[in-house]
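First the structure, in the form of structure tokens, and then the observations on it.
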There are 2 protein chains.
Amino acid sequence: MDLKRLSKHLGLSQTTVSRALNGYPDVSAATRERVTNAAREVGYSPNPLARRLAKGRLEAVGVIMSVGVGNFGDPFYSEFLAGVAEVFHQADMDLLVVAAPTGEEELSAYRRMVEGRRVDGLIVARTRTKDPRINYLLERNFPFVTFGRSGESAQHAFLDMDNEAGFIQVTERLIDFGHSRIALINAPEDLHFALLRRHGYERALRDAGLECDPELIVEGDRGEVDGHRLAERLLGLDRPPTALLCASDAMALGAMRAVKECGRTVGTDVSIIGYDDLPFAKYTEPPLTTLHQPIRPAGAHVAEMLLSRISGSTIEDLQDLWQPRLIVRESDGICHSK
Amino acid sequence: MDLKRLSKHLGLSQTTVSRALNGYPDVSAATRERVTNAAREVGYSPNPLARRLAKGRLEAVGVIMSVGVGNFGDPFYSEFLAGVAEVFHQADMDLLVVAAPTGEEELSAYRRMVEGRRVDGLIVARTRTKDPRINYLLERNFPFVTFGRSGESAQHAFLDMDNEAGFIQVTERLIDFGHSRIALINAPEDLHFALLRRHGYERALRDAGLECDPELIVEGDRGEVDGHRLAERLLGLDRPPTALLCASDAMALGAMRAVKECGRTVGTDVSIIGYDDLPFAKYTEPPLTTLHQPIRPAGAHVAEMLLSRISGSTIEDLQDLWQPRLIVRESDGICHSK
DNA sequence: TTTACTTCTCAAAGCGCTTTGGGTCGCTAA
DNA sequence: TTAGCGACCCAAAGCGCTTTGAGAAGTAAA
């Protein structure tokens with residue numbers, strides 16, 4: 001059923017029916033009522049394509065997942081998208097998602113979205129310090145908000161976890177436990193959050209007057225596997241660390257294995273702290289101390305920010321920092337080495 | 001830049017330019033060349049809205065994630081969507097995703113998609129035996145393909161893992177190890193795959209002439225938590241099981257904890273087998289024996305199936321069953337109880 | 001020279017909405 | 001009585017494409 005037939009059926013013009021349905025004030029209450037009822041009865045709903053074409057708004061937003069090869073098990077997007085999707089659904093906006101591997105192809109996916117006029121705005125996650133996607137969007141002056149800051153954060157809307165504060169907190173915790181050789185098993189530092197985490201780590205170390213041994217800072221991107229590999233290497237050092245700060249629970253899990261394999265015990269001999277608070281973290285042995293971040297709510301919040309960005313809010317009002325929450329379990333503790 | 005301006009610029013009609021760009025045979029090679037070049041130069045790309053409106057095709061498909069509360073950490077959709085999204089991106093189709101909790105609201109999300117003419121087809125995952133979404137789509141005769149079978153599988157396109165075969169295999173494996181009291185910690189059985197897994201389990205038991213004790217079949221839906229709770233209960237039975245077959249790695253992880261808590265050791269005293277082969281499964285203690293299913297490729301395949309369904313393929317040609325792959329690690333073994 | 005095709009191009013009619021820019025009608029105020 | 005003003009309603013012009021139905025030009029056959 002389309003507008004034409006509906007209006008014919010009602011003996012009214014398309015104009016009037018359209019305006020009645022869209023809440024314009026220049027139609028009488030009686031007419032509006034009649035129209036609304038009829039519309040409901042015959043199950044009329046406007047063709048969104050036609051509506052959008054006429055209005056010149058897309059009523060759609062997009063998110064481009066940057067997928068790696070085989071980083072299965074990363075629950076991030078599941079949760080994040082759930083939050084995002086729900087908000088846009090409420091707002092009657094379409095959410096387009098595409099998956100592209102980081103790199104040239106990724107950028108072309110962005111171009112397709114903006115130059116192909118498919119969406120009114122974009123969400124970008126997994127931000128990098130030097131992020132070509134952000135530069136691109138900035139220079140096209142296209143509405144977007146990021147989850148995570150970047151090198152250009154001042155110029156765009158974002159929600160981010162306060163990674164620096166989080167890592168200051170956990171590093172201080174380890175220092176308080178008496179650890180002085182604390183290693184950082186970080187994510188690749190082109191990811192901006194990883195950089196900030198290192199800053200937090202170094203800052204806490206410096207503030208406590210501790211040496212900041214570059215040998216103790218390593219990075220990798222393959223979760224458990226790299227966590228294991230890197231921890232192994234660290235523990236083999238002449239002066240091995242007594243605590244391992246990991247950029248993710250997955251890495252922490254790999255690190256745990258490495259610790260056990262060289263005959264020491266996690267929590268007493270060497271402390272481990274993760275990040276993410278994945279459900280399995282409660283069930284590792286020992287249960288993993290970690291930092292919690294509410295991904296789903298974050299997704300929802302980013303979505304809301306984009307909505308208000310699109311409707312004209314200024315960037316300054318759209319820059320939020322959330323605090324991660326420390327979840328104390330049993331994988332860390334007092335330093336027993338001399 | 002729009003068609004009108006481009007064609008004016010070229011001194012041609014919109015018709016010709018349009019047809020040149022869309023590969024119609026009735027335009028001379030020279031003209032086509034001229035048009036294509038000009039289009040590239042000025043960066044022309046057709047407005048998808050207008051195109052779709054004119055063609056009467058939406059060039060979009062949708063997937064509705066059924067999100068529960070707080071089932072964070074479920075990497076399923078991350079992987080699945082990555083596969084799906086990539087295929088549709090290649091095919092130049094938009095992928096719409098919405099998230100809705102199971103129930104009435106979920107169904108209305110489906111209605112919005114089909115009656116609101118937003119997509120040409122849908123993908124439905126996490127199918128249930130009696131699945132109102134499937135019934136709805138069936139009765140509207142709307143193109144869709146599911147990941148997972150349902151009570152109505154005969155009537156729709158699907159890709160599914162052969163859950164029954166998978167569970168026959170692992171159950172037989174445990175039987176071969178000498179286990180006779182094997183428990184099944186299942187997902188809620190309204191999820192069709194859970195039902196099929198039980199069938200496989202029961203079938204293997206019967207074929208081996210073993211008793212099929214209903215006391216040993218339990219279900220839950222909260223991953224680690226329920227795995228732990230249910231295993232605890234099972235181990236407290238008068239005649240406790242010596243093997244726990246779990247519907248997911250998450251549950252298996254919870255179950256492992258329960259086993260250890262009551263002082264027995266996983267793999268020798270009680271065998272545990274999971275399902276999913278999440279990355280952490282390699283790093284549990286002991287490493288978890290499990291069934292692997294390739295989610296990302298599955299997503300991609302489902303997407304391709306939908307594409308061919310939309311372009312007219314018959315349902316019979318679109319019903320595939322993939323075999324899960326057994327990953328043997330160390331959480332199961334010979335039964336040592338008398 | 002016609003006739004009959006090809007080959008290439010185009011004007012115009014949609015697709016299903018929204019919006020602009022008037023109208024018409026009945027009332028009040030002058 | 002008439003101008004002026006709300007309150008309602010409508011015809012028509014887009015939005016930016018695709019597609020239909022035909023026309024013009026050139027070529028080959030008769």
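Sequence lines set the chain letters: A, B, ... in the order given, protein chains first and strands last, and positions in each chain run from 1.
- Cation-pi contact between A/Arg126 and A/Phe76: present, with separation from the ring centre below 6.0 Å and deviation from the ring axis of at most 45°.
- The shortest distance between side-chain heavy atoms of B/Leu81 and A/Tyr77 does not fall below 4.5 Å.
- Between B/Phe158 and B/His156, the ring planes lie perpendicular to each other; the angle is over 60°, past the 30° to 60° tilted range.
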Which parts of nucleotides 4-11 of chain C does protein reach within less than 4.0 Å, heavy atoms only, written one letter per nucleotide 5' to 3' as B for base, S for sugar-phosphate only and - for none? ----BBBB

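- No donor-acceptor pair closer than 3.5 Å links the side chain of A/Arg296 to the backbone N or O of A/Glu79.
- Along DNA chain D, read 5' to 3', the first and last nucleotides having any atom under 4.0 Å from a heavy atom of chain B are D/dG16 to D/dT20.
- In this structure, the side chain of A/Glu86 does not engage the main chain of A/Gly83 through any donor-acceptor pair within 3.5 Å.
- When all heavy atoms of B/Ile315 and B/Ala154 are compared, the pair lying nearest together is CG2-O, 4.1 Å.
- Classification of B/Lys4 and B/Asp2 as a salt-bridged pair fails, no side-chain N sitting under 4.0 Å from a carboxylate O.
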